[in-house]
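Before any comments, here is the structure.
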Amino acid sequence: MTDAPAYVERSPLAPTPLIPEEFAAKYREAGYWVDQTIPEFLLDACRAKPHFPALVALSHAVLDETGKPVQVRYSYGELEAAGRAAAKRLIEAGVQPGDRVLLQLPNIAEYLVYLLGTFWASALPVFCLPQHRLNELSHFATRTDAAAHIYSSKATGTNFSQLHEDLVETLSAAGEVAPPVGIDASVPLQPLSEEELAEPFMPGVIQNTDSTRASEQVAFLQLSGGTTGVSKLIPRTHAAYLYSVRGSVDICRIHANTTMLIVLPAAHNFTMSSPGILGAMCASAKMVFAGDPSPQTAFRLIQMEGVTFTALVPPLAQAWAASAERNLVELPSLRTLQVGGSKLSPAVAGTIAQTLKVDIQQVFGMAEGLVNYTRREDDPYLQFNTQGRPISPDDEVLIVDDNDQPVARGESGHLLTRGPYTIRGYYLEENANRFGFTEDGFYRTGDIVRWNGPNLEVTGRAKDQINRNGEKIAVDEIEDIALAHPDVFDAVVLGLPDETVGERVALVLVPKPGASFGENPRRTMHEYFTAAQLADFKIPERVEVMDELPTTNVGKISRRELRALLADMLAS
Ligand code: AMP
Ligand code: DBH
């Protein structure tokens, strides 16, 4: 017997569609892509201003006498030391260069420490959400052949140690990939010794693409809300991603005096890069992680830490404004409130700006790439009525009709995009990639937009997706699970407009002959979906049972039309 970990040889990252060389050459030439990797960027960020405050957050590895998380503070120098200790722990647990690591932590100090640790162990983070359950995790672990699963046994929402064990059991039973090793981030890290810290430290990079440049390798896998099946994995490369971060820092004017409150889930692309965590680090700014998104928690942190900048989804921004008005709260330090992830209405934008006395910056982005911002120099009409314009002069935007023909300027159409930080395909999704991208490499966003002056305005959505509090839900995924219920003959999932969360998931069921869903179909289906081990936010909040689905007098209607029709019926 030995204590040494069982080193499991993991498969290399599979080949994935990348930006072709003719474009890559142009992006290097323009100075967008520089030869720096994310691990190098993070190390530089920690070393640029080692004595500057980096992070204020709750820690799950430091508890008070009653077992509650304690607030901790890191300078950039301390962050480097903690991140290197995390890297060491991952390596000792068997994580090898190029391995994929499921990172599933809430907004706690350990999130950032293990993010650095994963990159510095030369591994690729897979950005899971704390809400993900066995259903999603087993999919991600299988798809990526993940070597480790980082979680916190102190996190609320579910028993994460149990979830990890269930994951191991499920993968063992399936036998396709070896289960990931579990890393409980609430177990305190062994600090590095003086000698270890004094050693020169330079994270390596793994060649996983044809490019000879370290910076043009795939750095991590981000998740897409997806429109079909379970979330797709988005392969982002170092240079392209860092370009979007630097561009965001410039546009959003982040600097060393910025104090950024991180409220939305840290793993979101918005929170990571627009300008988010990486943007704050790029500028040696101070980050404050909110333990929860409530106005009470956030207002206290804003006042105590002098927060100047934060980012919210529209429903949260509205809730903050309402609370500030009710309780006569003033937030004098807060200057910029970014709002993005779903559509903000102009009237609401105006109210929020006025109540919170902040500049509103709208952000329309996607984990696949393209990010649009309204600019400080835009007039108030543009700031309230549009979702901004792209980061890069070389972001290509096409607005087309159903036949991919450009519409007249100012008309609404499908948004297609291509550019220096937009992917050319999802990871291991050959089929989806054929439909999700044009032949010449434009990403089909599924968003309906129009030019409004120099900016884009989101006017609709063509994809079968529900946007609940900025969390994207593929209707297909939920319908497939509903249809697997033994008493369900047919099922349609749709989004219902909602004041507090934007949209709620609704399910319309047709039972099999003789079957019934009793007095409370919503509860029956809630139990069913919970047993299916699905993230909570995807579980239908409204369930209607119908004898048959509506048809038109012509007979057949498309699923999309059916969803629209049912949404109208349920709304009225
Ligand atoms: P994902 O592909 O999962 O990263 O989600 C990105 C999608 O979120 C976009 O394609 C839009 O549908 C939606 N989205 C993000 N920001 C906004 C915004 N400011 N206004 C409207 N929709 C948005
Ligand atoms: O919704 C998103 O995915 C999103 C929103 C704003 C995003 O990925 C981003 C900014 O980078």
Side-chain angles (χ1 to χ4, degrees), residues 127 129 221-228 230-234 236 240-241 243-245 247-249 251-252 262-279 310-317 337-346 348-349 360-374 383-392 395 397 412 414-417 419 421-423 426 429 432 436-437 443-450 452 455-474 477 495 502-503 537-538:
F127 288 102
L129 294 173
L221 295 165
Q222 184 56 275
L223 305 183
S224 139
T227 51
T228 52
V230 186
S231 304
K232 293 191 266 293
L233 295 159
I234 302 174
R236 302 290 302 254
Y241 202 66
Y243 168 54
S244 81
V245 170
S248 299
V249 167
I251 290 166
C252 304
I262 307 284
V263 179
L264 299 177
H268 274 188
N269 193 61
F270 188 4
T271 318
M272 280 302 295
S273 65
S274 303
I277 292 172
L278 295 188
T310 192
L312 297 174
V313 289
L316 261 180
L337 175 60
Q338 289 186 303
V339 185
S342 66
K343 178 71 189 272
L344 178 67
S345 80
V348 172
I360 298 279
Q361 178 180 51
Q362 298 211 41
V363 191
F364 164 40
M366 50 208 75
E368 287 82 355
L370 183 71
V371 181
N372 303 277
Y373 295 104
T374 54
Q383 289 183 355
F384 293 165
N385 289 270
T386 75
Q387 281 61 57
R389 55 184 175 274
I391 293 174
S392 176
D395 278 319
V397 164
S412 282
H414 301 272
L415 169 63
L416 312 183
T417 187
Y421 58 95
T422 295
I423 58 160
Y426 295 102
E429 297 280 356
F437 296 80
Y443 168 54
R444 298 183 186 276
T445 64
D447 295 312
I448 305 293
V449 305
R450 67 183 203 95
N452 185 343
N455 288 2
L456 291 169
E457 180 186 335
V458 179
T459 56
R461 187 172 60 205
K463 51 191 167 189
D464 294 327
Q465 196 178 66
I466 298 169
N467 193 325
R468 185 187 189 282
N469 259 336
E471 298 294 355
K472 317 306 186 301
I473 301 158
E477 182 184 3
E503 282 182 294
F537 66 82
K538 298 178 183 171

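Below, all heavy atoms of this structure are taken into account, side chains as well, without hydrogens, waters or symmetry copies. Whatever order the structure lists ligands and atoms in, that order sets their numbers, starting from 1. Only a predicted model underlies this, so the values are computations on that prediction, with no experimental measurement involved.
Using cut-offs of 30° and 60° on the angle between ring planes, the pair Tyr243 and Tyr421 is perpendicular.
Heavy atoms of Arg461 come nearer than 4.0 angstrom to ligand 1 in no pair at all. Under the 4.0 angstrom criterion for non-hydrogen atoms, Gly340 is not in contact with ligand 2. Distances from ligand 1 to the non-hydrogen atoms of Gln362 include no value under 4.0 Å. Every heavy atom of His268 sits 4.0 Å or more from the atoms of ligand 1. Assignment of Asp447 to the shell around ligand 1 is supported, since a heavy atom sits closer than 4.0 Å. Residue contacts with ligand 2 leave out Gly470, since none of its heavy atoms falls under 4.0 Å from the ligand.
Side-chain contact between Ile448 and His414 is present, with heavy atoms from C-beta onward closer than 4.5 Å.
Shortest non-hydrogen contact noted between Ile360 and Ala349 is CG1-O, 3.9 Å.
Selection from Val363, Val458, Leu344 by nearest heavy atom to atom 19 (N) of ligand 1 gives Val363. Ranked by closest heavy atom to atom 6 (C) of ligand 1, the top entry among Gly446, Gly365, Gly470, Ser231 is Gly365.
Only the backbone of Ser342 comes within 4.0 Å of ligand 1, judged by heavy-atom distances. With a heavy-atom cut-off of 4.0 Å, His268 does not touch ligand 2 at all.
For atom 2 (C) of ligand 2, the closest non-hydrogen atom on the protein side is Gly365 O, 3.4 Å. Protein heavy atom at the shortest distance from atom 11 (O) of ligand 2 is Ser274 OG, 2.7 Å. From the protein, the heavy atom lying nearest to atom 8 (O) of ligand 1 is Lys472 CE, 2.8 Å.
Residues Thr417 and Thr422 bring no donor and acceptor atom of their side chains to less than 3.5 Å of each other.
Considering backbone and side-chain atoms together, Gly340 places no N or O closer than 3.5 Å to any N or O of ligand 1.
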